[in-house]
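Below, all heavy atoms of this structure are taken into account, side chains as well, without hydrogens, waters or symmetry copies.
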Amino acid sequence: MTMTEGDEKMLGVNIPLGLPGSGRQRYAAAMTLYQAGTLSEAALEAYRICSPLDHQDPAPLLAVVAQGRRP
């Protein structure tokens with residue numbers, strides 16, 4: 001199976017927690033998705049907030065975004 005560019009980008013936001021630099025890598029992948037129009041500004045903000053914290057799971061903030069609120 002061939003991986004699409006979108007699949008590769010999604011893998012970037014799903015990098016395992018705790019790896020050195022992983023928070024910033026997730027944010028960079030999220031920025032790419034945002035620029036492509038496939039991620040909301042609010043979701044991008046959730047990844048930005050978590051970016052300096054490699055162990056911080058962005059899922060709780062993304063749940064807030066899914067409810068229509070800003071993180």
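For S22, the side chain to side chain donor-acceptor pair (under 3.5 Å) partners two or more places apart in sequence, or in a different chain, are R26. Contacts of R48 classified as salt bridge (charged side-chain N to carboxylate O under 4.0 Å, His left out), with partners at least two apart in sequence or in another chain: E45. The side chain to side chain donor-acceptor pair (under 3.5 Å) search around Q67 returns R69, not counting sequence neighbours.
How far CG of D54 is from CG of L19: 8.0 Å, rounded to the nearest 0.5 Å. Between atom CG of residue L44 and atom CG of residue L39 there is a gap of 6.0 Å, rounded to the nearest 0.5 Å.
Linking Ile, Leu, Val, Met, Phe, Trp and Tyr whenever their side-chain heavy atoms come within less than 4.5 Å puts V13 and Y34 in one cluster.
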Let me check something: any side-chain donor-acceptor pairs from residues 56-65 under 3.5 Å, sequence neighbours excluded? List them with distances.
| residue | atom | partner | partner atom | Å |
| --- | --- | --- | --- | --- |
| D57 | OD1 | A59 | N | 3.0 |

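Here the shortest heavy-atom pairing between Y47 and Y27 reads C-CD1, 3.8 Å.
One N or O on the side chain of T38 and one on the backbone of L33 form a donor-acceptor pair closer than 3.5 Å. A donor-acceptor contact shorter than 3.5 Å links the side chain of T32 to the backbone of A28.
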Test side-chain contact (heavy atoms from CB on, under 4.5 Å) applied to Q25 and I15, step by step: CA-CA 8 Å; Q25 290 175 344; I15 294 170; 3.3 Å; yes
